[in-house]
A.B. asks: 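Sending over a structure as structure tokens; questions will come in a sec.
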Amino acid sequence: METPRIMIADDDKKTRDFVAAFLSYKGYQVYQAFDGQDALQKIEIHDVQMVITDIMMPRVNGLEFIKQLKSIRPEIVTIAYSAFANFEMTANLLKAGAFFYLEKPFNLEELETHVKRGLEHQALQSKSFRSRPCIKNRALLNNIIGESEKMLSLFEMVEKVATSDSTVLIQGESGTGKELVARAIHDLSNRSDKNFVALNCAAIPDELLESELFGHVKGSFTGAVATRIGRFEMADKGTLFLDEIGDMKANLQVKLLRVLQNRELEPVGSTRSKKVDVRIIAATHQNLDQMVVSKAFREDLYYRLSVIPIMLPPLRERESDIVLLLNSFLEKFNKSKQRKVMGFDKQVMEILTNYEWPGNVRELENLVERLVIIKGSGVLSIHDLPEKYRGGRAAVVCSEQMTLPEDGFCLNSAVEEFENRLILQALQKSGGNKKEAAELLNLKRTTLIEKLKKKKLVYGDSLITT
Ligand SMILES: Nc1ncnc2c1ncn2[C@@H]1O[C@H](COP(=O)(O)OP(=O)(O)OP(=O)(O)O)[C@@H](O)[C@H]1O
Ligand SMILES: [Mg+2]
């Protein structure tokens with residue numbers, strides 16, 4: 001693997017040499033700059049992935065330096081440190097796009113942890129950057145994002161079926177992208193210059209659905225003050241997307257079947273039939289097979305509709321797409337909401353790739369939109385995640401460390417030990433601050449204090465009792 005390249009900017013030679021020597025010893029290629037301006041010049045020469053910078057420096061200070069750096073080389077990850085920074089300064093640094101802020105004096109091991117995280121983050125960002133051309137090539141597929149095996153074979157299928165006139169039935173959980181796929185099929189078909197008309201069968205009251213589909217003549221029912229064409233006619237020579245087809249009532253299922261067979265319809269209140277040339281794409285999140293068995297859906301209509309069945313896989317079955325979708329939506333919402341959120345840190349990525357996503361891509365898209373708006377800039381960390389997503393951490397921590405000894409062990413004492421270690425780690429991270437430690441553990445402060453008292457845990461030199 002290529003040696004990572006890091007630049008250190010600090011006017012204090014002693015600190016600079018000290019940090020540089022440590023990182024060189026750890027195997028990094030290190031370059032030095034004596035202030036922000038010097039660093040900006042040297043960035044042009046050395047192609048670094050990361051900059052570690054002091055804040056208080058003559059000429060161009062750390063904050064100004066990071067701002068300028070982000071405008072010319074946004075992909076370079078920055079870590080800032082200072083002995084003097086306050087809350088406002090830290091907030092400004094993160095807003096300017098710094099990946100992490102360290103308070104001086106810091107220990108070198110701590111610095112290395114953040115360097116590793118920053119570089120991983122950088123690699124991830126540039127990976128998603130590299131994969132973008134591939135997505136753009138699929139613009140015709142209506143920006144359906146995905147590179148998992150399952151999605152790639154879906155794209156092939158969509159391309160193949162688009163040019164035929166056969167009826168397509170798209171099934172899949174809610175939020176998996178059924179409507180997107182339906183639109184893509186229309187856009188790739190030779191009907192693309194005609195209408196794509198969508199109708200959600202679940203959203204229209206049963207008594208109005210027939211007229212909505214086939215139209216009606218004036219006076220055919222109360223409220224039919226004028227003759228109106230239905231969605232079928234609106235979609236003539238184009239595509240009609242019948243969403244949530246599983247919700248269609250039995251009497252209408254018969255009428256739809258008749259139209260599919262004869263390619264002609266009768267508007268409500270009319271005795272004259274009209275010819276229509278419409279390609280039908282139907283979709284449902286329900287299990288139509290089962291509905292056929294339980295007689296809730298007509299078998300003959302089911303076979304008519306599912307000439308070409310397409311099954312959209314749930315998001316949890318295509319982990320590699322999760323990362324791609326997260327980064328793509330991040331970019332999209334940064335642009336549309338004018339925000340500058342740099343990315344997800346490693347822990348957040350781990351949590352989100354292990355999450356179940358019951359609401360599939362829709363849920364992921366909504367989460368990223370919310371995170372981008374609230375965060376505004378900087379890197380998303382676990383504290384930014386809504387509570388329900390943080391629950392996944394336990395699984396992450398456990399799965400990495402657990403092995404059951406051959407001859408078994410005492411579960412209670414292992415759980416106790418596990419809990420104690422995590423509590424101590426949280427206290428270490430928060431520098432002994434119990435409120436912060438409790439937040440890290442997703443506990444109430446009082447619950448943490450109770451646990452500490454009960455366990456008589458020792459942190460630093462003192463027994464923690466309050
Ligand atoms: N592969 C994907 N790439 C990009 N965006 C996607 C993808 N899949 C879904 N989306 C987005 O997720 C949201 C939900 O997609 P869509 O409406 O097509 O889902 P659906 O399967 O029809 O859901 P429902 O059953 O709830 O109607 C939309 O905003 C859509 O743009
Ligand atoms: Mg839908």
Side-chain angles (χ1 to χ4, degrees), residues 134-201 213 231-248 253 256-257 259-263 265 275-289 291-292 297-315 317-318 321 324-325 360-362:
C134 176
I135 297 163
K136 290 219 172 85
N137 289 340
R138 292 203 215 105
L140 266 182
L141 280 172
N142 255 10
N143 296 324
I144 308 178
I145 298 160
E147 58 179 19
S148 59
E149 277 305 312
K150 288 185 175 170
M151 287 306 274
L152 292 180
S153 39
L154 179 106
F155 294 144
E156 265 177 45
M157 178 77 164
V158 165
E159 267 170 331
K160 265 189 222 151
V161 305
T163 46
S164 81
D165 257 351
S166 310
T167 304
V168 179
L169 176 65
I170 308 173
Q171 288 182 269
E173 289 178 15
S174 184
T176 43
K178 296 187 291 295
E179 182 156 355
L180 264 193
V181 168
R183 283 180 188 277
I185 292 175
H186 172 76
D187 288 350
L188 287 171
S189 75
N190 32 28
R191 293 171 173 264
S192 62
D193 56 339
K194 295 288 184 308
N195 288 340
F196 174 88
V197 177
L199 177 70
N200 185 335
C201 303
L213 275 170
R231 305 287 171 118
F232 258 95
E233 274 179 272
M234 285 183 205
D236 199 28
K237 309 263 181 327
T239 307
L240 177 62
F241 176 51
L242 295 176
D243 204 357
E244 303 304 353
I245 191 83
D247 286 68
M248 189 178 272
Q253 289 180 25
L256 177 63
L257 180 66
V259 177
L260 294 185
Q261 272 165 348
N262 306 334
R263 298 279 154 192
L265 57 82
K275 282 243 169 274
V276 276
D277 167 18
V278 172
R279 195 232 186 119
I280 303 286
I281 304 179
T284 177
H285 69 279
Q286 307 194 56
N287 186 332
L288 275 195
D289 275 335
M291 290 180 72
V292 167
F297 200 83
R298 289 184 69 100
E299 193 173 9
D300 43 10
L301 178 59
Y302 174 67
Y303 288 120
R304 269 274 155 199
L305 290 174
S306 61
V307 178
I308 299 171
I310 292 185
M311 192 51 109
L312 272 181
L315 191 54
E317 285 177 16
R318 38 188 169 114
D321 288 345
L324 197 62
L325 283 161
N360 294 293
V361 186
R362 179 181 291 114

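Any value given below was found using the heavy atoms of this structure, including those in side chains, with hydrogens, waters and symmetry copies removed. Here the structure is a predicted model, which means the values were calculated and not measured. By convention here, the first residue in the shown sequence is residue 1.
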A.B. asks: Does a side-chain heavy-atom distance below 4.5 Å link Glu173 with His285?
C.D. replies: no
A.B. asks: Would you mind telling me which of Leu180, Asp243, Ile245, Ile281 makes a side-chain contact (heavy atoms from CB on, under 4.5 Å) with Ile170?
C.D. replies: Ile281
A.B. asks: Asn200 side chain to Glu244 main-chain N or O, any donor-acceptor pair under 3.5 Å?
C.D. replies: no
A.B. asks: Could you tell me the separation between the CG atom of Asp300 and the CG atom of Leu260, rounded to the nearest 0.5 Å?
C.D. replies: 10.5 Å
A.B. asks: I'd like to know if the side chain of Ser164 and the backbone of Lys160 have a donor-acceptor N/O pair within less than 3.5 Å.
C.D. replies: no
A.B. asks: Checking the side chain of Asp236 only, and the main-chain atoms of Asp277 only, is there a donor and an acceptor separated by less than 3.5 Å?
C.D. replies: yes
A.B. asks: Quick check: does any side chain N or O of Arg263 sit under 3.5 Å from a backbone N or O of Lys275, one acting as donor and the other as acceptor?
C.D. replies: no
A.B. asks: Any side-chain heavy-atom pair from Leu257 and Gln261 closer than 4.5 angstrom?
C.D. replies: yes
A.B. asks: The test is side-chain contact (heavy atoms from CB on, under 4.5 Å); show your working for Val181 and Phe155 and say whether it passes.
C.D. replies: CA-CA 9 Å; Val181 168; Phe155 294 144; over 6 Å; no
A.B. asks: Can you find a pair of side-chain heavy atoms, one from Met151 and one from Asp321, that are under 4.5 Å apart?
C.D. replies: yes
A.B. asks: Heavy-atom distance under 4.5 Å between the side chains of Ile308 and Leu169, does that happen here?
C.D. replies: no
A.B. asks: What do the steps show when you test Asp187 against Ser192 for side chain to side chain donor-acceptor pair (under 3.5 Å), and what is the final call?
C.D. replies: CA-CA 5 Å; Asp187 288 350; Ser192 62; over 6 Å; no
A.B. asks: Measuring only between side-chain heavy atoms, which start at C-beta, is Ile310 closer than 4.5 Å to Gln171?
C.D. replies: no
A.B. asks: To the nearest 0.5 Å, how far apart are NZ in Lys237 and CG in Asn195?
C.D. replies: 11.5 Å
A.B. asks: Just by modelled atom types, is the Thr167 backbone N or O under 3.5 Å from a matching donor or acceptor in the Arg304 side chain?
C.D. replies: no
A.B. asks: Rounded to the nearest 0.5 Å, how far does CD of Gln286 lie from OG of Ser174?
C.D. replies: 11.0 Å
A.B. asks: Counting distance only, does the side-chain N/O of Gln253 pair as donor-acceptor with the main-chain N or O of Arg298 below 3.5 Å?
C.D. replies: yes
A.B. asks: Do Glu317 and Thr176 have side-chain heavy atoms sitting under 4.5 Å apart?
C.D. replies: no
A.B. asks: Taking it one step at a time, do Val278 and Thr239 satisfy side-chain contact (heavy atoms from CB on, under 4.5 Å)?
C.D. replies: CA-CA 6 Å; Val278 172; Thr239 307; over 6 Å; no
A.B. asks: In Å, rounded to the nearest 0.5 Å, how long is the span from CG of Leu265 to CZ of Arg231?
C.D. replies: 14.0 Å
A.B. asks: Measuring from Leu154:CG to Leu152:CG, what's the distance to the nearest 0.5 Å?
C.D. replies: 9.5 Å
A.B. asks: Is there a donor-acceptor pair closer than 3.5 Å between any side-chain N or O of His186 and the backbone N or O of Val197?
C.D. replies: no
A.B. asks: Does Asn287 use its side chain to pair, donor to acceptor, with the backbone of Asp289 at less than 3.5 Å?
C.D. replies: yes
A.B. asks: Under the salt bridge (Lys or Arg N to Asp or Glu O under 4.0 Å) rule, collect the residues that match up with Asp165, sequence neighbours excluded.
C.D. replies: Arg191
A.B. asks: Say you draw a straight line from NZ of Lys150 to CG of Leu315; how long is it, rounded to the nearest 0.5 Å?
C.D. replies: 11.0 Å
A.B. asks: State whether the side chain of Ser306 and the backbone N or O of Tyr302 hold a donor-acceptor pair below 3.5 Å, judged by distance alone.
C.D. replies: yes
A.B. asks: To check you understand the geometry: which heavy-atom pair defines the closest contact between Ser189 and Arg279, and what is its length?
C.D. replies: CB-NH1, 4.3 Å
